[in-house]
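Encoded as structure tokens, the structure appears first; notes follow it.
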Amino acid sequence: MANGNHLHPIQASFLKHDGFQCGFCTSGQICSAVALLTEAKNGELSYVTEDIRRRPAALLLSEYEIRERMSGNICRCGAYPNIVAAIREVQSGTSVEQTWNFAG
């Protein structure tokens, strides 16, 4: 997906948000994220899309919608919150801050 030394935006965002998993899963996560962004740009609906009656138009995906659309990529690594943040940042075009939750 990179063009020479120029990374695809989703690759750069995965780096920024530490969204990398093991070498086996990361490539699939990145390919799925790019496909998800294309689907959203085309207005394609998913199982959790709130308003399925609206005309196809670009969708701004919620965290919940991103998680549902990425749910086919299963791994035991703990990078899922970072992956969602990376995708949200690329899709929205705005910086997404990290949120950390500590187990009590």
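Predicted, not measured: the structure shown is a model, and the values here were computed from it.
- Residues passing the side-chain contact (heavy atoms from CB on, under 4.5 Å) test with Ala2, sequence neighbours excluded: Leu7, Gln11.
- Under the side-chain hydrogen bond (donor to acceptor under 3.5 Å, both in side chains) criterion, Gln91 pairs with no residue at all, not counting sequence neighbours.
- In this structure a side-chain-to-backbone donor-acceptor pair under 3.5 Å is present from Thr49 to Ser46.
- Between the side chain of His17 and the backbone N or O of Gly19 there is no donor-acceptor pair closer than 3.5 Å.
- How far CG of Leu36 is from CD of Glu44: 10.0 Å, rounded to the nearest 0.5 Å.
- By the rule that hydrophobic residues join a cluster once side-chain heavy atoms approach within less than 4.5 Å of another member, Val84 and Val48 end up as members of separate clusters.
- Scanning all heavy atoms of the two residues, the minimum distance from Glu89 to Thr94 falls at CG-O, 3.2 Å.
- Every residue two or more places apart in sequence or in another chain that forms a side-chain contact (heavy atoms from CB on, under 4.5 Å) with Ser62 is listed here: Tyr64, Glu65.
- Note that the OH atom of Tyr80 and the CD atom of Gln29 stand 5.5 Å from one another [nearest 0.5 Å].
- Separation of atoms CD1 (Ile83) and CG (Asp18) is listed at 9.5 Å; rounding is to 0.5 Å.
- When every heavy atom of Met70 is checked against every heavy atom of Ala33, the shortest pair comes out as SD-N, 3.8 Å.
- Without hydrogens or angle criteria, Ser13 side chain to Ile10 main chain gives no donor-acceptor distance under 3.5 Å.
- Between Leu61 atom CG and Lys41 atom NZ the span is 13.5 Å, to the nearest 0.5 Å.
- Smallest separation of non-hydrogen atoms from Arg69 and Leu45: NH2-C, 3.6 Å.
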